[in-house]
Amino acid sequence: MDSPTPDAPLPPFEVLVSRHGAAVLRVCRALVGVTDADDVWQETFLAALRSYPSSGGVRNREAWLVTIARNKAVDHHRRNARVPEPVENTGDGTPAGGDDVVRSVEAGDTAGRVWAALGQLPRMQREAVVYHHLAGLRHAEVARLLGNSEAAARRASSEGMKSLRALLVPGGKGLRSGRDD
Amino acid sequence: MTELKLPDELASLADGEEAATERLAAALARAAAEDGLLDVAYRVVDSPVGPLLLAGTDAGLVRVAFAREGHDAVLQQLSASVSPRVLRAPARLDGIARELDEYFAGRRRTFDLPLDLRLAGGFRREVLAHLPEIGYGHTASYAAVAALTSSPRAVRAVGTACARNPLPLVVPCHRVVRSDGSQGAYLGGTEAKAWLLALEASAAAA
């Protein structure tokens with residue numbers, strides 16, 4: 001992991017983009033859907049670049065980026081809540097009115113099915129799976145993001161993966177099961 | 001950093017993300033430039049003397065580096081001494097890339113793009129300012145260059161200034177040779193120096 005000593009010189013920002021760009025994109029896709037993820041990714045890295053020179057005290061730069069991405073995703077949802085939701089029926093049986101992830105699914109592709117399944121997890125499980133398994137953060141860092149304990153973050157992540165597997169079994173329980181929030 | 005291994009169930013989510021990230025990184029460099037947040041733009045170009053790192057600021061070209069200097073190390077130095085807001089932004093260095101192509105093809109004798117000499121201070125900068133006076137296809141000894149400066153006996157310091165030239169090729173330290181006529185050391189290696197002097201000699205004679 002990168003855990004620089006406080007006085008270590010900052011690496012060129014490009015290093016953060018090339019090292020963490022893909023993981024942050026996965027987080028953005030999970031939080032706001034594939035379609036809007038590009039915008040949120042840009043907002044995340046622009047904000048990070050803006051405050052980068054004064055970020056010398058940041059111990060884990062990936063966790064720092066994921067935190068910014070999470071805040072930008074919240075802003076994004078807040079903005080969208082103010083404008084009328086576009087009526088959009090994908091026609092593939094995914095539940096309407098649910099997560100952005102579900103709406104962004106394109107029928108038929110595997111990744112789309114997985115994004116949709118992720119979108120069906122309870123929020124805590126979904127975020128724990130995304131930050132730990134998709135972004136590679138340790139459970140302790142996930143706990144800081146979720147505001148719970150390391151043990152709770154670990155549990156949410158493992159329960160999330162279990163629910164996800166159940167959702168993805170061919171001919172399995174379908175997308176609605178596992179939803180309890 | 002080791003590559004994160006995604007669980008099998010999630011592996012498909014990474015499909016095509018490399019291309020997506022590359023596209024986003026390019027868009028980020030453009031947006032950063034528009035917002036005044038791109039302090040150091042860089043790219044790497046191929047050349048007859050190996051891959052060259054080109055880096056620029058708003059003021060002009062700030063660094064040209066040979067592969068043997070270690071491009072990652074040079075970028076780290078730029079991050080520490082200019083600004084950590086360093087991004088790969090090839091388009092911002094199109095001008096110098098084109099001029100270098102022409103130079104290596106023997107079609108260009110001087111460079112006329114703005115230079116940012118902030119990485120060379122004091123006497124080193126004075127030395128660099130005199131190097132363009134050595135014409136294309138010619139050489140001068142370290143002692144002869146020292147004679148042009150405010151410290152005509154500082155021959156050794158001229159050697160240091162050349163060895164630490166932040167803008168090799170563009171500021172022609174390769175034209176400075178030893179008094180005994182041998183070529184002497186070079187940032188890009190002695191082979192590169194010989195190649196450049198041969199290029200200039202043949203193009204100047206043509």
Side-chain angles (χ1 to χ4, degrees), chain A residues 1-2 8-26 28-30 34 37-39 41-56 62 109-115 117-118 129-130 132-137 157 161-162 164-165 167-169, chain B residues 1-44 53 55 63 65 70-90 92:
Chain A
M1 298 305 295
D2 63 338
L10 291 167
F13 192 77
E14 182 70 30
V15 171
L16 274 66
V17 178
S18 57
R19 226 177 252 180
H20 306 304
V24 171
L25 181 59
R26 279 177 226 135
C28 293
R29 286 175 168 179
V34 172
D38 287 8
D39 288 344
W41 188 98
Q42 289 288 346
E43 289 171 20
T44 298
F45 275 95
L46 262 186
L49 180 62
R50 185 166 280 118
S51 59
Y52 187 50
S54 56
S55 72
E62 188 182 19
D109 73 298
T110 315
R113 278 186 61 232
V114 180
W115 286 125
L118 258 178
V129 167
V130 169
H132 179 68
H133 287 293
L134 282 186
L137 299 188
S157 164
M161 283 305 291
K162 211 185 297 165
L164 199 66
R165 268 177 224 118
L167 290 169
L168 291 171
V169 174
Chain B
M1 173 122 183
T2 50
E3 193 60 29
L4 172 69
K5 172 88 173 73
L6 297 184
D8 290 346
E9 297 86 348
L10 301 175
S12 67
L13 300 186
D15 288 350
E17 72 184 6
E18 207 167 306
T21 313
E22 221 163 275
R23 176 173 48 75
L24 287 167
L28 172 68
R30 286 192 295 275
E34 274 172 32
D35 286 7
L37 294 172
L38 178 49
D39 297 338
V40 180
Y42 78 90
R43 76 185 285 181
V44 176
L53 174 77
R63 191 73 164 87
H71 288 171
D72 286 346
V74 171
L75 288 170
Q76 182 63 61
Q77 286 159 12
L78 288 167
S79 178
S81 58
V82 180
S83 161
R85 289 186 181 130
V86 180
L87 284 174
R88 210 176 72 83
R92 296 248 300 194

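Numbered from 1 within each chain, the chains take letters A, B, ... in sequence-line order.
Between B:Ser79 and A:Pro12, the closest heavy-atom pair is OG-N, 3.6 Å. A:Pro53 approaches B:Pro84 most closely through the heavy-atom pair CA-CG, 4.0 Å.
Ranked by heavy-atom pairs under 4.5 Å with chain B, the list A:Val24, A:Leu25, A:Leu134 is led by A:Leu134. Between chain A and the residues B:Leu28, B:Leu38, B:Leu24, B:Asp72, the largest count of heavy-atom pairs under 4.5 Å involves B:Leu24. Ranked by heavy-atom pairs shorter than 4.5 Å toward chain A, the options B:Leu13, B:Leu87, B:Leu78, B:Val86 are led by B:Leu13.
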Does the pair B:Arg88 and A:Val17 meet the rule for a side chain to side chain contact (heavy atoms under 4.5 Å, CB included), with working shown? CA-CA 10 Å; B:Arg88 210 176 72 83; A:Val17 178; over 6 Å; no
Would B:Glu9 and A:Val129 count as a side chain to side chain contact (heavy atoms under 4.5 Å, CB included) if you check the C-alpha gap in whole Å, the side-chain angles of each, and the deciding distance to 0.1 Å? CA-CA 11 Å; B:Glu9 297 86 348; A:Val129 167; over 6 Å; no
Tell me, with the steps shown, if B:Leu75 and A:Val15 meet side chain to side chain contact (heavy atoms under 4.5 Å, CB included). CA-CA 10 Å; B:Leu75 288 170; A:Val15 171; over 6 Å; no
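Once rounded to the nearest 0.5 Å, the distance linking CG of B:Leu37 with OH of A:Tyr52 reads 13.5 Å. Taking OG1 of B:Thr21 as the start and CZ of A:Phe45 as the end, the distance is 8.5 Å to the nearest 0.5 Å. The line from CZ of A:Arg26 to CG of B:Leu4 is 6.0 Å long, rounded to the nearest 0.5 Å. Taking OG of A:Ser18 as the reference point, atom CD of B:Glu18 lies at 11.0 Å (rounded to 0.5 Å).
A distance-only check finds a donor-acceptor pair linking the side chain of B:Arg85 to the backbone of A:Leu49 [under 3.5 Å]. A donor-acceptor contact shorter than 3.5 Å links the side chain of B:Gln76 to the backbone of A:Leu10.
Neither the backbone nor the side chain of A:Leu16 comes within less than 4.5 Å of any heavy atom in chain B. If you measure heavy-atom distances from B:Pro7 to chain A, the contacts under 4.5 Å come from the side chain alone.
Contact annotation: the side chain of A:His133 never approaches that of B:Leu6 to less than 4.5 Å [non-hydrogen atoms, C-beta and beyond].
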